[in-house]
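First comes the structure, then the notes that go with it.
Here is how names work: the chains are called A, B, and so on, in the same order as the sequence lines, proteins then strands, and each is numbered from 1. Everything numeric here is computed off the predicted structure, so don't read it as measured data. Side-chain atoms are counted along with the backbone in the values below, which use heavy atoms only and exclude waters and symmetry mates.
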2 protein chains.
Amino acid sequence: MSVAQQLREHGYRLTPQRRVVCDTLDAAQGHLTAEELHERSSAVVADLSLASVYRTLTLLDQLALARQVRFADGRAHWEPAHDHDEFHLVCRSCEAVTHHPADLVTTVRDHLLHDHGFDSQRVELVVTGLCADCRNDSPRTSRVLG
Amino acid sequence: MSVAQQLREHGYRLTPQRRVVCDTLDAAQGHLTAEELHERSSAVVADLSLASVYRTLTLLDQLALARQVRFADGRAHWEPAHDHDEFHLVCRSCEAVTHHPADLVTTVRDHLLHDHGFDSQRVELVVTGLCADCRNDSPRTSRVLG
DNA sequence: GTATATGCAAAGTCTTTGCATCGTT
DNA sequence: AACGATGCAAAGACTTTGCATATAC
């Protein structure tokens with residue numbers, strides 16, 4: 001079910017603003033900041049304030065329908081909620097963010113719980129480096145990540 | 001060698017302000033924010049502005065003598081640089097931050113490089129959950145992490 | 001003595017909030 | 001029709017920066 005539909009099922013009003021933010025979040029390839037989400041959503045629903053984007057994201061976070069990841073830039077990047085562990089691979093050159101399944105995380109969780117009594121609720125694994133494409137490219141198009 | 005000494009060896013002036021910030025960073029158990037570092041350092045060197053703390057940290061970061069980690073609160077937390085991979089375990093209840101050696105990270109790096117061509121430069125693994133002490137305690141003293 | 005570091009205060013960036021108005025249900 | 005959501009603008013939190021003064025070398 002779409003994030004927008006889930007919002008409605010929780011009893012919240014489904015305004016055009018909320019709907020477009022949810023849909024844009026759903027459709028996004030990478031992890032969008034509030035501002036990127038605002039830009040893209042505004043192209044569809046012109047009457048959308050940045051404040052509403054933030055309010056919608058806060059709401060989605062509370063309902064566990066979305067969650068934020070902090071990259072080295074310190075800004076919040078948003079993704080629809082999901083229950084599988086994963087890496088975030090951030091390329092320093094092209095800034096692409098990709099997901100990678102993290103089977104090892106289960107091993108980590110088990111180890112922490114059984115050997116150290118630490119009950120993991122949230123595992124955030126961000127790997128910064130150079131993606132395969134950028135390693136092969138000349139550095140002419142490189143940009144340093146914030 | 002202390003962080004302060006390394007600063008000097010890089011040719012930078014070793015002012016009382018820089019020295020106390022470096023020493024406080026060196027001595028810290030957990031990961032301090034700029035503000036916490038300012039508080040603790042000010043107790044030793046009264047004439048220390050928050051701006052100087054930030055400037056010193058920026059300098060240490062550039063020289064790779066310190067690095068910052070972002071927790072879910074979005075603020076930068078600082079630690080002396082080191083070359084071993086590690087987890088950051090953040091307890092949601094007591095807010096304690098502990099380090100944990102991360103042998104598995106080597107496996108992760110190798111996998112990403114050989115199977116996916118991704119050259120990892122920085123691996124940041126933050127695990128949020130409940131530490132052993134807090135799992136046993138009554139929840140009366142619990143605080144939710146920002 | 002001189003170049004560099006500092007404190008202060010102002011500005012910058014990202015995010016949240018107060019309030020009057022608008023719109024979904 | 002009523003209550004909740006919105007836009008706007010102001011405020012908040014964290015961090016950076018301009019400038020005159022102080023200081024390490």
Base versus backbone protein contacts along nucleotides 15-25 of chain D [heavy-atom cut-off under 4.0 Å; B, S, -]: SBBB----BBS

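- Whole-Å rounding puts the A:Leu60 CG to D:dA5 P distance at 12 Å.
- As rounded to whole Å, 17 Å separates atom C1' of D:dC14 from atom CZ of B:Phe71.
- In this structure, the side chains of A:Leu125 and A:Phe87 come closer than 4.5 Å at one or more pairs of heavy atoms.
- Within the structure, a side-chain polar atom (N or O) of A:Ser52 is placed less than 4.0 Å from OP1 or OP2 of D:dG7.
- When the C1' atom of D:dC14 is taken as reference, atom CG of B:Leu57 falls 13 Å away, rounded to whole Å.
- Atom CZ in A:Arg19 sits roughly 10 Å away from atom P in C:dT24 (whole-Å rounding).
- Other residues, nucleotides and ligands contribute only 12 or fewer heavy atoms inside 6.0 Å of the CD atom of A:Glu35.
- A donor and an acceptor atom, one from each side chain of B:Asp110 and B:His114, are nowhere located under 3.5 Å apart.
- Atom CG of A:Leu57 sits about 8.5 Å away from atom CG of A:Asp61, to the nearest 0.5 Å.
- Distance A:Asp73 CG to D:dC14 P: 17 Å, rounded to the nearest Å.
- Contact check for B:Asp133 versus B:Cys94: no side-chain heavy atoms found under the 4.5 Å cut-off.
- When only modelled atom types and interatomic distance are considered, A:His84 and A:His99 share no side-chain donor-acceptor pair under 3.5 Å.
- Here the C1' atom of nucleotide C:dT6 and the CG atom of B:Leu48 are 10 Å apart, to the nearest Å.
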